[in-house]
**Student:** 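This is the structure I want to talk about, given as structure tokens.
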Amino acid sequence: MTAQLSLTHPDLASSPAPCDPPAATATAPTPRRARLWTLRGELPRRTVWALAATGLATPFLLWWAWTALGLADPLFMPSPGAVFERILRWWREEGLLGDIGISVWRVMAGFAASALVALPLGLYIGTYRPVQALLEPLTDFIRYMPAVAFIPLVMLWVGIDEGSKVLIIFIGTFFQMVLMVAEDVRRVPMAQIEAAQTMGATRAEIVKLVILPSARPALLDTLRVTCGWAWTYLVVAELVAANSGLGYAILKAQRYMHTDKIFAGILLIGLIGLLTDQAFRWLSRRAFPWRKQA
């Protein structure tokens with residue numbers, strides 16, 4: 001009967017049988033713009049580099065246009081070309097390489113000393129509640145004190161040699177690093193700790209074999225962020241009777257209104273900090289290749 005109806009009635013002839021599966025519909029391709037703005041989506045490497053180059057170049061283009069149009073007094077805002085010429089003169093005649101070397105040493109020494117103490121302390125604060133109750137309020141209290149306020153005490157305690165500059169950077173980064181490390185440790189899922197306890201692991205084994213491996217990627221990110229903070233304290237550290245370094249050069253240029261050298265020093269510190277940040281990112285990719293990297 002169905003076959004006869006399908007042959008005699010045109011509407012029934014064109015419609016599929018009730019038991020036939022529905023025809024597959026082709027999915028429309030996602031528009032390129034929608035793919036770019038996917039939440040936490042992936043981008044091609046070429047697109048990432050293009051966007052990064054645009055973000056870095058745009059402020060410099062605006063700076064160049066502002067000075068080229070004569071909208072700023074060169075005494076207060078020199079052109080990018082004048083700053084670049086100052087960097088070349090600094091390199092050839094004023095020992096730029098030595099200033100970079102001593103500043104890098106001071107920052108890295110203060111940062112390394114801070115990490116050497118903050119990592120185990122933050123591990124204990126994040127793992128054991130009695131240690132957290134004892135030390136976290138004190139750390140919170142001290143971290144709001146400006147590092148500049150410690151300069152007179154540092155000069156009295158340590159003197160005016162290299163140790164005082166390293167100590168200022170240590171003070172500026174240590175207390176924030178402790179709290180960030182403790183928070184990274186507290187983010188380790190409790191299910192992993194309970195599973196290790198079920199299997200009979202001791203407290204030391206849980207810390208060594210469960211908590212540390214789980215928190216290690218976040219700890220490396222914390223070190224990357226706090227290393228950037230260490231660079232921001234360089235100028236403050238070189239207030240203490242320095243006679244070399246990028247921060248000292250900036251402070252000296254301020255006395256004589258050499259704004260081109262001030263801009264040059266700021267840009268150089270930013271460039272070195274960016275290279276340091278990228279080095280940490282590279283280390284993270286090599287140490288933890290299973291992580292989803294941006």
**Student:** Under a single-linkage definition using a 4.5 Å side-chain heavy-atom cutoff for Ile, Leu, Val, Met, Phe, Trp and Tyr, are Phe288 and Leu283 assigned to the same hydrophobic cluster?
**Tutor:** yes
**Student:** Hey, is CD1 on Ile160 packed in by over 12 heavy atoms from elsewhere, all under 6.0 Å?
**Tutor:** no
**Student:** Under 4.5 Å between any side-chain heavy atoms of Ile168 and Val148, yes or no?
**Tutor:** no
**Student:** Are Ser103 and Glu238 close enough that a side-chain donor and a side-chain acceptor fall under 3.5 Å?
**Tutor:** yes
**Student:** Applying ring-ring contact (aromatic ring centres under 6.0 Å, His included), which residue pairs with at least one partner in residues 160-215 are found, sequence neighbours left out?
**Tutor:** Phe170-Phe174
**Student:** So if you build clusters from Ile, Leu, Val, Met, Phe, Trp, Tyr with side-chain heavy-atom gaps below 4.5 Å, do Ile87 and Trp91 land together?
**Tutor:** yes
**Student:** Give me the atom names and distance for the closest heavy-atom approach of Ala230 to Ile169.
**Tutor:** CB-CG2, 3.9 Å
**Student:** Quick check: do Tyr248 and Ile102 have side-chain heavy atoms less than 4.5 Å from each other?
**Tutor:** no
**Student:** At what distance, to the nearest 0.5 angstrom, does CD of Glu94 lie from NZ of Lys252?
**Tutor:** 8.0 Å
**Student:** With the side chain counted from C-beta on, respond yes when Ile250 and Ile269 share a heavy-atom pair under 4.5 Å apart, and no when they do not.
**Tutor:** yes
**Student:** Assigning hydrophobic clusters by single linkage (Ile, Leu, Val, Met, Phe, Trp, Tyr; side-chain heavy-atom cutoff under 4.5 Å), is Leu119 placed with Leu179?
**Tutor:** no
**Student:** One pair to check against side-chain contact (heavy atoms from CB on, under 4.5 Å): Val107 and Val104. What are the steps and the verdict?
**Tutor:** CA-CA 5 Å; Val107 170; Val104 169; over 6 Å; no
**Student:** Stepwise, does the side-chain contact (heavy atoms from CB on, under 4.5 Å) test hold for Leu220 with Arg224?
**Tutor:** CA-CA 6 Å; Leu220 187 58; Arg224 177 176 63 85; over 6 Å; no
**Student:** Can you confirm whether Phe150 is buried at CZ, in the sense that more than 12 heavy atoms of other residues, nucleotides or ligands lie under 6.0 Å from that atom?
**Tutor:** yes
**Student:** Specify the closest pair of heavy atoms between Pro78 and Val83, including all atoms of both residues, with the distance to one decimal.
**Tutor:** CG-CG2, 3.9 Å
**Student:** Considering only residues two or more places apart or on different chains, which pairs with a residue in residues 260-287 satisfy ring-ring contact (aromatic ring centres under 6.0 Å, His included)?
**Tutor:** Trp63-Phe263
**Student:** Please give me the minimum heavy-atom distance between Tyr124 and Val131, naming the atom from each residue.
**Tutor:** O-CB, 3.8 Å
**Student:** Between Thr54 and Ala50 (side chain of the first, backbone of the second, donor and acceptor by atom type, cut-off under 3.5 Å), is there such a pair?
**Tutor:** yes
**Student:** Please report the closest heavy-atom contact between Ile125 and Ala182, naming both atoms and the distance.
**Tutor:** CG2-CB, 3.7 Å
**Student:** Report yes if some heavy atom in the side chain of Asp221 is under 4.5 Å from a heavy atom in the side chain of Val225; otherwise report no.
**Tutor:** no
**Student:** Please go through Trp64's hydrophobic cluster and name the other residues, only I, L, V, M, F, W, Y counting, with side-chain heavy atoms under 4.5 Å joining them.
**Tutor:** none
**Student:** Does the side chain of Asp99 reach to within under 4.5 Å of the side chain of Leu268, using non-hydrogen atoms?
**Tutor:** no
**Student:** Let's go through Leu234 and Trp231 carefully: what are the C-alpha distance in whole Å and the side-chain angles of both, what is the deciding distance for side-chain contact (heavy atoms from CB on, under 4.5 Å) to 0.1 Å, and is it a yes or a no?
**Tutor:** CA-CA 5 Å; Leu234 175 64; Trp231 276 103; 3.8 Å; yes
**Student:** Going from OG1 on Thr259 to CG on Asp73, what distance comes out if it is rounded to the nearest 0.5 angstrom?
**Tutor:** 8.5 Å
**Student:** So, taking the atom named CG in Asp260 and the one named CG in Leu75, what distance separates them when rounded to the nearest 0.5 Å?
**Tutor:** 9.5 Å
**Student:** So, taking the atom named CD1 in Ile151 and the one named CG in Leu167, what distance separates them when rounded to the nearest 0.5 Å?
**Tutor:** 10.5 Å
**Student:** Looking at Glu162 and Arg106, is any side-chain nitrogen of the basic one under 4.0 Å from a carboxylate oxygen of the acidic one?
**Tutor:** yes
**Student:** Side chains of Met108 and Thr276: does their closest heavy-atom pair fall under 4.5 Å?
**Tutor:** yes
**Student:** Please check if Leu274 and Val48 belong to a single hydrophobic cluster, counting links between Ile, Leu, Val, Met, Phe, Trp and Tyr side chain heavy atoms closer than 4.5 Å.
**Tutor:** no
**Student:** Over all heavy atoms of both residues, which pair between Met177 and Ser114 is shortest? Give the atoms and the distance, please.
**Tutor:** CE-OG, 3.6 Å
**Student:** Look at the side chain of Ser214 and the backbone N and O of Val210, then say whether any donor-acceptor pair between them is shorter than 3.5 Å.
**Tutor:** no
**Student:** Specify the closest pair of heavy atoms between Pro120 and Ala115, including all atoms of both residues, with the distance to one decimal.
**Tutor:** CD-O, 4.2 Å
**Student:** Decide side-chain contact (heavy atoms from CB on, under 4.5 Å) for Thr139 and Leu121; before the verdict, give the C-alpha distance in whole Å, the side-chain angles of both, and the deciding distance to 0.1 Å.
**Tutor:** CA-CA 11 Å; Thr139 307; Leu121 187 59; 5.6 Å; no
**Student:** Supply the atom-to-atom distance Tyr128 OH to Arg203 CZ, rounded to the nearest 0.5 angstrom.
**Tutor:** 6.0 Å
**Student:** For Phe60, does the CZ atom sit with more than 12 other heavy atoms under 6.0 Å from it, leaving out its own atoms?
**Tutor:** no
**Student:** Hey, could you give me the CZ/OG1 distance between Phe111 and Thr173, rounded to the nearest 0.5 Å?
**Tutor:** 7.5 Å
**Student:** Please check if the side chain of Ser284 supplies one atom and the backbone of Arg281 the other of a donor-acceptor pair under 3.5 Å.
**Tutor:** no
**Student:** Tell me, do Glu183 and Met180 make a side-chain contact under 4.5 Å, heavy atoms counted?
**Tutor:** no
**Student:** I'd like to know if Val117 and Leu223 are part of one continuous hydrophobic network [Ile/Leu/Val/Met/Phe/Trp/Tyr, side-chain heavy atoms within less than 4.5 Å].
**Tutor:** yes
**Student:** Is there a side-chain contact between Gln192 and Ile206 (heavy atoms, below 4.5 Å)?
**Tutor:** no
